[in-house]
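Report on the structure given below.
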Amino acid sequence: MKLVIITGLSGAGKSQAMKCMEDLGFYCVDNLPPVLIPKFAELCFNSNGEIQKIALVIDIRGGKFFDDLFDSLENLKSSGYKYEILFLDASDETLIKRFKETRRIHPLSPKGRIIDGINAERKKLDKLRDKADKIIDTTNMTPGQLKKEIRKIYLDGSETNDILISVLSFGFKHGIPLDADLVFDVRFLPNPHYIENLRDFTGNDEKVRKYVMNWPESIEFVKRLNEMIDFLIPFYVREGKMQLVIAIGCTGGKHRSVTVANILYEYLKKKGHKVSVNHRDIPADVVKG
């Protein structure tokens with residue numbers, strides 16, 4: 001079980017870090033009272049493997065409960081639970097600017113100056129910073145850059161194989177899927193709808209698939225589509241994208257788009273990607289032949 005405690009200065013990006021950890025498959029809890037950390041770790045450890053990665057955001061919002069943190073960390077250690085501390089920091093000027101932009105009040109200076117709250121918080125977190133396994137200074141970072149840094153630290157396995165890819169077939173007459181990142185139009189391919197003994201079948205049926213792929217333009221398109229997706233995936237990963245929706249459309253979403261979507265799905269699965277396929281416009285009662 002991997003346990004990461006996210007902490008640091010208010011305004012340094014802890015909320016953004018937690019969102020990124022969630023994208024990486026961590027079970028995240030924000031502002032858990034430190035005294036509950038050992039019990040929470042025990043519950044997760046006894047979850048029969050359902051919870052393997054945990055990220056807890058612990059900071060001075062806990063008020064007087066925050067003082068229990070070091071005792072809880074010692075309790076974790078004595079119980080045999082390993083943990084890491086990720087500390088987020090930033091310059092005073094940057095923190096002040098962020099507080100002013102969001103019009104938030106510093107939790108340690110609700111009626112005073114922001115800088116006073118920052119100074120008090122730095123003093124309170126000084127020992128915790130010294131115990132941190134990893135420190136990220138977000139002074140000159142955008143949210144995207146922070147996400148990239150966290151992915152670099154905590155992403156397991158191959159980055160290009162970590163992105164979740166959904167391949168979706170659809171019919172243009174029913175509208176383009178709203179969540180599509182990439183849309184490919186295959187209405188230029190020969191249409192099985194006009195072949196009487198194919199009309200009532202779908203791209204899930206071998207006879208339709210053979211017909212659609214029995215043309216030079218079909219074979220060339222699939223080849224170039226695979227090459228295009230191979231080219232794009234590393235760049236989407238580099239930008240921190242966790243999910244990619246590829247939509248393949250024909251007129252009705254029943255024959256050509258289904259065939260090409262299935263072929264793309266099979267290609268990506270063979271390459272080791274986390275991929276799923278869905279045929280939006282095939283009626284639920286139509287079964288593969």
Side-chain angles (χ1 to χ4, degrees), residues 19-27 49-53 144 147-148 150-152 154-172 174-189 192 201-206 208-213 217-284 286-289:
K19 292 177 183 178
C20 182
M21 298 294 268
E22 284 181 340
D23 289 342
L24 294 178
F26 280 77
Y27 185 95
E50 292 184 13
I51 302 177
Q52 300 261 345
K53 299 188 291 185
K147 185 174 183 178
K148 182 177 180 180
I150 290 176
R151 283 174 58 85
K152 185 169 67 175
Y154 294 108
L155 183 64
D156 297 323
S158 170
E159 287 199 11
T160 56
N161 287 346
D162 193 71
I163 189 171
L164 301 175
I165 303 175
S166 298
V167 181
L168 173 67
S169 71
F170 73 97
F172 278 95
H174 303 298
I176 297 175
L178 296 176
D179 59 343
D181 297 299
L182 297 171
V183 178
F184 294 93
D185 183 352
V186 296
R187 287 176 292 184
F188 67 92
L189 299 178
F201 293 89
T202 75
N204 284 330
D205 295 282
E206 187 62 26
V208 172
R209 176 167 174 154
K210 283 184 177 179
Y211 177 84
V212 172
M213 296 307 298
E217 58 265 39
S218 302
I219 296 171
E220 184 66 21
F221 174 76
V222 167
K223 176 179 176 290
R224 296 193 181 201
L225 175 63
N226 291 343
E227 291 173 349
M228 173 63 75
I229 301 304
D230 282 340
F231 171 76
L232 290 174
I233 286 175
F235 294 104
Y236 281 121
V237 171
R238 187 181 68 182
E239 292 303 308
K241 194 170 184 61
M242 298 298 296
Q243 186 174 23
L244 180 67
V245 179
I246 305 171
I248 312 292
C250 63
T251 304
K254 185 178 176 182
H255 299 110
R256 294 165 292 179
S257 63
V258 174
T259 296
V260 175
N262 284 340
I263 292 173
L264 178 60
Y265 163 76
E266 292 160 6
Y267 174 78
L268 292 172
K269 188 175 182 180
K270 187 176 181 180
K271 297 272 289 188
H273 293 288
K274 297 177 183 177
V275 59
S276 63
V277 65
N278 180 265
H279 305 300
R280 190 193 70 178
D281 295 327
I282 294 182
V286 175
V287 182
K288 181 177 179 180

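Y265 meets the ring pair (Phe, Tyr, Trp, His ring centres under 6.0 Å) test with no other residue; sequence neighbours excluded. For S218, there are no side-chain hydrogen bond (donor to acceptor under 3.5 Å, both in side chains) partners, not counting sequence neighbours. Partners of D281 by side-chain hydrogen bond (donor to acceptor under 3.5 Å, both in side chains), not counting sequence neighbours: none found. Partners of R209 by side-chain hydrogen bond (donor to acceptor under 3.5 Å, both in side chains), not counting sequence neighbours, listed by chain and number: E266.
Here the CG-CE distance, from L164 to M242, works out to 6.5 Å after rounding to the nearest 0.5 Å. Note that OG1 of T251 is 10.5 Å distant from CZ of F170, once rounded to the nearest 0.5 Å. Taken to the nearest 0.5 Å, the NE2 atom of H255 stands 8.5 Å off from the CG atom of D205. Taken to the nearest 0.5 Å, the CZ atom of F188 stands 5.0 Å off from the CZ atom of F221. Separating the CZ atom in R151 from the CG atom in L24 is a distance of 6.0 Å, to the nearest 0.5 Å.
R256 contributes a side-chain N or O that, together with a main-chain N or O of L189, makes up a donor-acceptor pair within less than 3.5 Å.
Put simply, the residue from I165, L264, V275 that forms a side-chain contact (heavy atoms from CB on, under 4.5 Å) with K269 is V275. Put simply, the residue from N204, I248, T202 that forms a side-chain contact (heavy atoms from CB on, under 4.5 Å) with N262 is N204.
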Counting only pairs under 3.5 Å, give me each side-chain donor-acceptor contact of residues 176-186, with atom names and distances, residues two or more places apart or in other chains.
unit_1: D181; atom_1: OD1; unit_2: K241; atom_2: NZ; d: 3.2
unit_1: D181; atom_1: OD2; unit_2: V245; atom_2: N; d: 2.8
unit_1: D185; atom_1: OD1; unit_2: R187; atom_2: N; d: 2.9
unit_1: D185; atom_1: OD1; unit_2: R187; atom_2: NE; d: 3.0
unit_1: D185; atom_1: OD2; unit_2: R187; atom_2: NE; d: 3.1
unit_1: D185; atom_1: OD2; unit_2: R187; atom_2: NH2; d: 2.8

What side-chain donor-acceptor pairs closer than 3.5 Å can you find for residues 226-237, not counting sequence neighbours?
unit_1: N226; atom_1: ND2; unit_2: V222; atom_2: O; d: 3.4
unit_1: E227; atom_1: OE2; unit_2: K223; atom_2: NZ; d: 3.0
unit_1: D230; atom_1: OD2; unit_2: Y267; atom_2: OH; d: 2.3

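Side-chain contact between M21 and K53 is absent, with no heavy-atom pair separated by less than 4.5 Å.
Scanning all heavy atoms of the two residues, the minimum distance from V258 to G253 falls at CG2-O, 3.6 Å. Summarising the geometry of P192 relative to V212, their closest heavy-atom pair is CG-CG2, 3.6 Å, with the distance given to 0.1 Å. The shortest non-hydrogen separation linking D23 to K147 is OD2-NZ, 3.5 Å. For the pair S169 and H279, the tightest heavy-atom approach, listed with the atom from each and the gap, is OG-ND1, 2.8 Å. Closest of all the heavy-atom pairs between G171 and R280 is O-NH2, 3.5 Å. Between F201 and K254, the closest heavy-atom pair is O-CE, 3.2 Å.
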